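Heads up: the structure comes next, in structure tokens.
The shown structure was predicted, so the numbers you read here are calculated from the model rather than taken from an experiment. Every heavy atom of this structure was used, including side-chain atoms; hydrogens, water molecules and symmetry mates were not. Nothing fancy with the numbering, it's 1 onward along the sequence.
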Amino acid sequence: MSERATALERGIALYLSHLTVERGLAANSLSAYRRDLGRYQEFCLSRGVSDPASVDDALLADFLVALRTGDDTHKPLAASSSGRCIVAVRGFHKFAAREGLSTFDPAKEVRPPTMTTRLPKAISVSEVEAILEAASAVDGPRGLRDRALLELLYGTGARISEVIGLAVDDVDVESASVRLSGKGGKQRVVPVGRMALAALDAYLVRGRPVLAASGRSGGALFLNARGGQLTRQSAWVLLSEAVERSGIGIEVSPHTMRHSFATHLLDGGADVRVVQELLGHASVTTTQIYTLVTVDKLREVYALAHPRARL
């Protein structure tokens with residue numbers, strides 16, 4: 001550290017050393033702190049403030065604005081990134097006050113920005129149907145496989161990894177259900193609807209035996225052209241191709257099918273705890289984000305249908 005370093009620079013260096021030695025922060029976390037505090041130091045010096053004891057509420061407020069709006073040398077930060085930066089600044093000023101580098105903590109009342117809830121992306125029932133029909137456009141066993149896989153994705157709300165990991169023995173046609181292995185190896189049995197069951201039956205009878213003849217399937221339900229287990233990447237590709245053929249003009253991922261499954265169930269009046277069990281969520285809190293989507297739908301219907309809402 002140069003003898004000409006400012007009190008702010010020395011304070012930040014001491015804090016980073018504290019994070020390394022006393023807190024044992026991981027290299028990536030330490031790098032993020034160093035980058036965020038470097039930006040803060042640069043901002044303070046540009047305002048003529050070179051001592052943590054001289055920082056006040058107004059300076060911190062200006063810094064928060066600068067994080068979100070950007071400047072000539074920095075791009076605007078998203079809420080998550082600016083929140084991380086604010087955490088670093090709060091930590092530094094708390095440290096500075098404790099170590100006697102400042103007589104008070106000006107960042108004590110500063111709070112990271114509230115994170116906006118990112119609503120799950122769902123598509124309409126008609127768009128789902130268009131994709132499923134487009135999957136059947138491929139002739140032969142591949143078309144039967146693609147339709148069965150996508151019907152199962154939407155019909156059960158399963159994760160793509162859960163569907164790809166299915167074995168033939170996991171399908172119970174008689175009880176119209178499948179056994180899925182979710183996160184942490186936790187298993188759940190979910191019902192399979194009539195349309196998905198019909199697609200699975202067609203694939204098992206006329207599609208899978210043809211694919212299995214090309215190699216060793218090992219009992220996997222969904223096979224590739226060489227007779228091996230279908231991969232996640234291949235499942236993404238076949239979905240993307242079906243979406244393109246459907247002409248709906250939007251991007252759809254396997255998780256979009258899962259989101260749509262949950263949203264459409266709740267729109268139809270399903271209890272959120274039932275949807276939780278079907279999705280394999282450990283907590284109902286995770287599932288409740290889908291209720292925000294349905295509330296938006298209710299508002300839309302209300303605005304269009306209620307006579308006093310249309311005035």
Next item on the list: Measure the CG-CE distance between Leu152 and Met195 for me, rounded to the nearest 0.5 Å.
Entry: 13.5 Å

Check: Any luck finding a side-chain donor-acceptor pair between Thr231 and Ser234 under 3.5 Å?
Finding: yes

Check: Rounded to the nearest 0.5 Å, how far does OG of Ser181 lie from CG of Leu166?
Finding: 8.0 Å

Next item on the list: Quick one: list whatever passes side-chain contact (heavy atoms from CB on, under 4.5 Å) with Ser240, sequence neighbours left out.
Entry: none

Note to self: Is it the case that over 12 heavy atoms from other parts of the model lie below 6.0 angstrom from the CZ atom of Arg47?
What the structure shows: yes

Next item on the list: Determine whether the aromatic ring centres of Phe261 and Tyr154 lie less than 6.0 Å apart.
Entry: no

Note to self: Run Val189 and Asp172 through side-chain contact (heavy atoms from CB on, under 4.5 Å) and show every step you take.
What the structure shows: CA-CA 10 Å; Val189 175; Asp172 189 335; over 6 Å; no

Check: Considering all heavy atoms of both residues, which atom of Val163 and which atom of Ala158 are nearest to each other, and what is their separation?
Finding: CG2-CB, 3.6 Å

Checklist line | same_hphob_cluster(Leu14, Ile12) at 4.5 Å side-chain heavy-atom cutoff | finding: yes

Margin query: Under a 3.5 Å distance rule, please check whether Asp62 uses its side chain to pair with a backbone N or O of Leu59 as donor and acceptor.
Written below: no

Checklist line | Ile160 reachable from Val190 in the ILVMFWY side-chain graph, under 4.5 Å edges | finding: yes

Check: Is Leu223 linked to Trp236 within one hydrophobic cluster, defined over Ile, Leu, Val, Met, Phe, Trp and Tyr using a side-chain heavy-atom separation of less than 4.5 Å?
Finding: no

Item checked: Arg226 atom CZ, neighbour heavy-atom count above 12 within 6.0 Å -> no

Notebook entry, point to check: If you round to the nearest 0.5 Å, how far is CG of Leu230 from CD1 of Ile164?
Noted result: 4.5 Å

Next item on the list: Walk me through it: do His264 and Val128 pass the test side-chain contact (heavy atoms from CB on, under 4.5 Å)?
Entry: CA-CA 11 Å; His264 297 165; Val128 171; 4.2 Å; yes

Next item on the list: For Glu241, check salt bridge (charged side-chain N to carboxylate O under 4.0 Å, His left out) against everything at least two apart and list the hits.
Entry: Arg142

Note to self: Does Arg206 have more than 12 heavy atoms from other residues, nucleotides or ligands lying within 6.0 Å of its CZ?
What the structure shows: no

Margin query: What verdict does the ring-ring contact (aromatic ring centres under 6.0 Å, His included) test give for Phe95 and Tyr15, after you've listed the backbone C-alpha separation in whole Å, the side-chain angles of each residue and the deciding distance to 0.1 Å?
Written below: CA-CA 7 Å; Phe95 171 82; Tyr15 180 54; 5.3 Å; yes

Next item on the list: Determine, step by step, whether Ser260 and Thr263 satisfy the side chain to side chain donor-acceptor pair (under 3.5 Å) criterion, reporting the C-alpha distance in whole Å, the side-chain angles of both residues, the deciding distance to 0.1 Å, and the verdict.
Entry: CA-CA 5 Å; Ser260 302; Thr263 302; over 6 Å; no

Margin query: Using every non-hydrogen atom in the two residues, find where Asp170 and Gly165 come nearest and quote the distance to one decimal.
Written below: OD2-O, 4.3 Å

Item checked: Euclidean distance, Asn224 CG relative to Arg145 CZ, rounded to 0.5 Å -> 7.5 Å

Check: So how far is it from His281 NE2 to Arg188 CZ, rounded to the nearest 0.5 Å?
Finding: 8.5 Å

Notebook entry, point to check: Per the side chain to side chain contact (heavy atoms under 4.5 Å, CB included) rule, which among Ser82, Ser81, Pro76 passes with Leu67?
Noted result: Ser82

Margin query: Would the distance check show the side chain of Arg90 and the main-chain N or O of Val110 forming a donor-acceptor pair, the cut-off being under 3.5 Å?
Written below: yes

Notebook entry, point to check: Is any side-chain heavy atom of Tyr203 less than 4.5 Å from a side-chain heavy atom of Arg147?
Noted result: no

Next item on the list: Tell me, please, which residues at least two apart from His74 pass ring-ring contact (aromatic ring centres under 6.0 Å, His included).
Entry: none

Checklist line | Arg39 side chain near Leu77 side chain, heavy-atom distance below 4.5 Å | finding: yes

Margin query: Applying a strict under-4.5 Å side-chain criterion to I, L, V, M, F, W and Y, I'd like to know whether Val210 and Leu200 cluster together.
Written below: no

Margin query: Using side-chain heavy atoms (C-beta onward) and a distance below 4.5 Å, is Leu278 in contact with Thr156?
Written below: no

Notebook entry, point to check: Does a side-chain heavy-atom distance below 4.5 Å link Leu221 with Val168?
Noted result: yes

Margin query: Side chains of Ser50 and Leu45, heavy atoms from C-beta outward: is any pair under 4.5 Å?
Written below: yes

Checklist line | Student check: side-chain heavy atoms of Gln41 and Leu37 closer than 4.5 Å | finding: no

Margin query: Checking Leu25 against Thr20 for the side-chain contact (heavy atoms from CB on, under 4.5 Å) test, could you report, in this order, the C-alpha distance in whole Å, the side-chain angles of both residues, the deciding distance, and whether it holds?
Written below: CA-CA 5 Å; Leu25 241 62; Thr20 305; over 6 Å; no

Note to self: Suppose we screen for side chain to side chain donor-acceptor pair (under 3.5 Å). Which residues come up paired with Ser246, at least two apart in sequence or across chains?
What the structure shows: none

Next item on the list: Give a yes or no on whether a salt bridge exists between Arg159 and Glu162, defined as a side-chain N under 4.0 angstrom from a carboxylate O.
Entry: yes

Next item on the list: Sequence neighbours left out, what passes side-chain contact (heavy atoms from CB on, under 4.5 Å) with Glu127? Give chain and number order.
Entry: Ile123, Ser124, Ile248, Ile250

Item checked: Pair His93-Val55, side-chain contact (heavy atoms from CB on, under 4.5 Å): steps then yes or no -> CA-CA 9 Å; His93 279 291; Val55 175; 3.8 Å; yes

Check: Hey, what's the ring geometry for Phe43 with Phe63, parallel, tilted or perpendicular (30° and 60° as the breaks)?
Finding: tilted

Checklist line | Heavy-atom pair of closest approach, residues Asp36 and Ala88 | finding: CB-CB, 4.1 Å

Note to self: Are Leu180 and Gln187 packed together at the side-chain level, in the sense that at least one heavy-atom pair is separated by less than 4.5 angstrom?
What the structure shows: no

Notebook entry, point to check: Does a side-chain N-to-carboxylate-O contact under 4.0 Å join Arg245 and Glu133?
Noted result: no

Next item on the list: Output the distance between atom CG (Asp271) and atom CG (Leu266), rounded to the nearest 0.5 Å.
Entry: 8.5 Å

Checklist line | Heavy-atom pair of closest approach, residues Ala242 and Ala134 | finding: O-CB, 3.2 Å

Notebook entry, point to check: side chain to side chain donor-acceptor pair (under 3.5 Å) between Glu129 and Ser126: does it pass, once the steps are laid out?
Noted result: CA-CA 5 Å; Glu129 292 174 343; Ser126 61; over 6 Å; no

Margin query: Minimum heavy-atom separation for Ala53 and Ser102, please, with both atom names.
Written below: CA-OG, 3.6 Å

Note to self: I need the minimum non-hydrogen distance between Ala262 and Leu279, along with the two atoms involved.
What the structure shows: CB-CD1, 3.9 Å

Margin query: Does any part of the side chain of Val252, heavy atoms only, come nearer than 4.5 Å to the side chain of Ile131, both counted from C-beta?
Written below: yes

Next item on the list: Kindly determine whether Phe92 and Tyr33 satisfy ring-ring contact (aromatic ring centres under 6.0 Å, His included), including the steps that lead there.
Entry: CA-CA 10 Å; Phe92 165 66; Tyr33 268 83; over 10 Å; no

Checklist line | side-chain contact (heavy atoms from CB on, under 4.5 Å) partners for Asp139, two or more places apart | finding: none

Notebook entry, point to check: Salt bridge between Glu151 and Arg194, side-chain N to carboxylate O under 4.0 Å?
Noted result: no

Check: Is there a donor-acceptor contact under 3.5 Å linking the side chains of Asn28 and Ser31?
Finding: no

